Amino acid sequence: MKLTRILTLMIVGVFFVLALASCSATAPEIKVTLRIVADDPENPILDTEVTLQSENPTVLEAFQEGCIVNEISYTLTDAEDSVKDITDYKDYTDENGLVHYWMYYINDVEPTSGKANVNPIADGDVILYEYVTFDPEAAA
C-alpha cells in the first residue's frame with residue numbers, strides 16, 4: 001500500500017515536471033537592426049540592434065522595443081497599428097500641401113500591404129524608418 005502511494009506520487013511528480021517544462025518553452029530569439037532617419041542619413045536618430053523574443057515578431061514590435069530601450073519618444077496612430085510621430089518629427093500636412101510622415105522599409109523594400117503591427121520580420125532584417133515628404137499634386 002505504501003509502495004503504491006510512493007510510486008503514484010513519483011509518477012504524478014514526473015508528469016508535473018514535464019508539464020512545467022513544456023510551459024516554459026520560450027519563443028525564438030531574433031536580432032534585427034533598427035534605423036530611424038529624419039534629415040541626415042549620416043546622423044540617424046537611432047541605429048541599433050534590437051533583440052526580440054516573440055513567436056511572430058513584427059516591425060512595430062521591433063520599433064517599440066528599440067525606442068523604449070533607447071528612450072526615443074514616439075506616438076502611434078489611434079489604431080496603434082503604425083507610427084505617427086518620432087521625437088519632434090510629426091505626421092502633418094504643411095501650408096503648401098506637402099505631406100510629412102514616417103515611412104518604413106524592411107531590408108530596403110517598402111511593404112506592399114499591411115501596417116507595421118502585422119508585417120513580419122526575421123532574424124537579420126534591417127528596418128528603416130525614414131521621415132519623408134510627399135507632394136500629392138505632383139503625383140496627380
Side-chain angles (χ1 to χ4, degrees):
M1 181 85 150
K2 230 178 190 182
L3 183 59
T4 305
R5 276 191 202 159
I6 292 173
L7 287 175
T8 303
L9 286 174
M10 288 177 66
I11 291 171
V12 168
V14 167
F15 281 121
F16 183 70
V17 169
L18 290 174
L20 285 177
S22 68
C23 290
S24 68
T26 59
E29 181 178 279
I30 69 163
K31 293 181 188 240
V32 297
T33 299
L34 174 63
R35 284 183 48 87
I36 301 174
V37 176
D39 299 323
D40 180 6
E42 298 299 317
N43 292 305
I45 294 170
L46 184 65
D47 189 355
T48 190
E49 184 175 80
V50 176
T51 302
L52 294 173
Q53 208 160 2
S54 174
E55 284 296 324
N56 301 303
T58 65
V59 169
L60 192 57
E61 283 180 77
F63 170 82
Q64 289 181 296
E65 181 67 20
C67 286
I68 290 167
V69 168
N70 292 281
E71 300 179 354
I72 304 292
S73 63
Y74 66 91
T75 306
L76 299 179
T77 59
D78 290 339
E80 295 189 354
D81 57 3
S82 58
V83 175
K84 185 175 178 184
D85 307 323
I86 303 173
T87 63
D88 295 332
Y89 296 91
K90 308 294 182 194
D91 182 346
Y92 75 102
T93 302
D94 67 20
E95 64 279 352
N96 299 318
L98 299 176
V99 181
H100 305 269
Y101 62 98
W102 287 98
M103 184 67 209
Y104 74 91
Y105 304 86
I106 305 170
N107 300 322
D108 292 326
V109 177
E110 179 181 340
T112 56
S113 65
K115 299 287 186 175
N117 69 327
V118 295
N119 272 312
I121 54 175
D123 191 49
D125 282 350
V126 176
I127 300 164
L128 169 65
Y129 268 85
E130 183 177 25
Y131 193 61
V132 296
T133 301
F134 174 70
D135 184 354
E137 289 185 20

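Any value given below was found using the heavy atoms of this structure, including those in side chains, with hydrogens, waters and symmetry copies removed. These numbers come from a predicted model, not from an experiment.
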#### Entry: Any V50 side-chain heavy atom under 4.5 Å of K31 side chain
no
### Query
Is the backbone N or O of V109 less than 3.5 Å from a side-chain atom of N107, with the two atoms forming a donor-acceptor pair by type?
no
### Query
Do L128 and I106 share a hydrophobic cluster (ILVMFWY, side-chain heavy atoms under 4.5 Å, transitive)?
no
### Within-4.5 Å side-chain heavy-atom neighbours: I36 and C67
yes
### Task
Report yes if some heavy atom in the side chain of D47 is under 4.5 Å from a heavy atom in the side chain of T33; otherwise report no.
yes
### Message
Please check: side-chain N/O of D85 versus main-chain N/O of D91, any donor-acceptor pairing under 3.5 Å?
### Response
yes
### Note, Y89 side chain near D39 side chain (heavy atom, < 4.5 Å)
yes
### Query
Crowded around Q53 CD? As in, over 12 foreign heavy atoms under 6.0 Å?
yes
### Message
Could you tell me if the side chain of L76 sits less than 4.5 Å from the side chain of V83, heavy atoms only?
### Response
yes
### Task
Output the distance between atom OG (S82) and atom CH2 (W102), rounded to the nearest 0.5 Å.
13.5 Å
### Task
Would you give the length of the straight line joining atom NZ of K84 to atom OH of Y92, rounded to the nearest 0.5 angstrom?
13.5 Å
## Note on the structure
Sequence neighbours excluded, the answer for side chain to side chain donor-acceptor pair (under 3.5 Å) partners of N117 is none
### Whether over 12 other heavy atoms sit under 6.0 Å from D88 CG
no
### Query
Hey, does the side chain of D94 reach the backbone of N96 with a donor-acceptor pair shorter than 3.5 angstrom?
yes
### Query
Would you say N119's side chain and A116's backbone share a donor-acceptor pair under 3.5 angstrom?
no
### Task
Measure the CG-CD1 distance between D108 and I127 for me, rounded to the nearest 0.5 Å.
12.0 Å
### Message
With rounding to the nearest 0.5 angstrom, report the OH to CD distance, Y104 to E130.
### Response
14.5 Å
### Query
Y74 and F63: aromatic ring centres closer than 6.0 Å?
yes
### Query
With sequence neighbours excluded, what pairs up with F134 under the ring-ring contact (aromatic ring centres under 6.0 Å, His included) test?
none
### Task
Please round to the nearest 0.5 Å and tell me the distance separating atom OG1 of T93 and atom CG of L98.
9.0 Å
### Task
Rounded to the nearest 0.5 Å, what's the gap from CG on L60 to CD on E65? Could you check?
11.5 Å
### Query
Going by heavy atoms in the side chains, are I72 and T87 under 4.5 Å from each other?
yes
### Task
Please answer whether the main-chain N or O of A38 pairs with a side-chain N or O of Y129 as donor and acceptor at a distance below 3.5 Å.
no
### Query
Would you call P28 and E55 a side-chain contact if the rule is heavy atoms closer than 4.5 Å?
yes
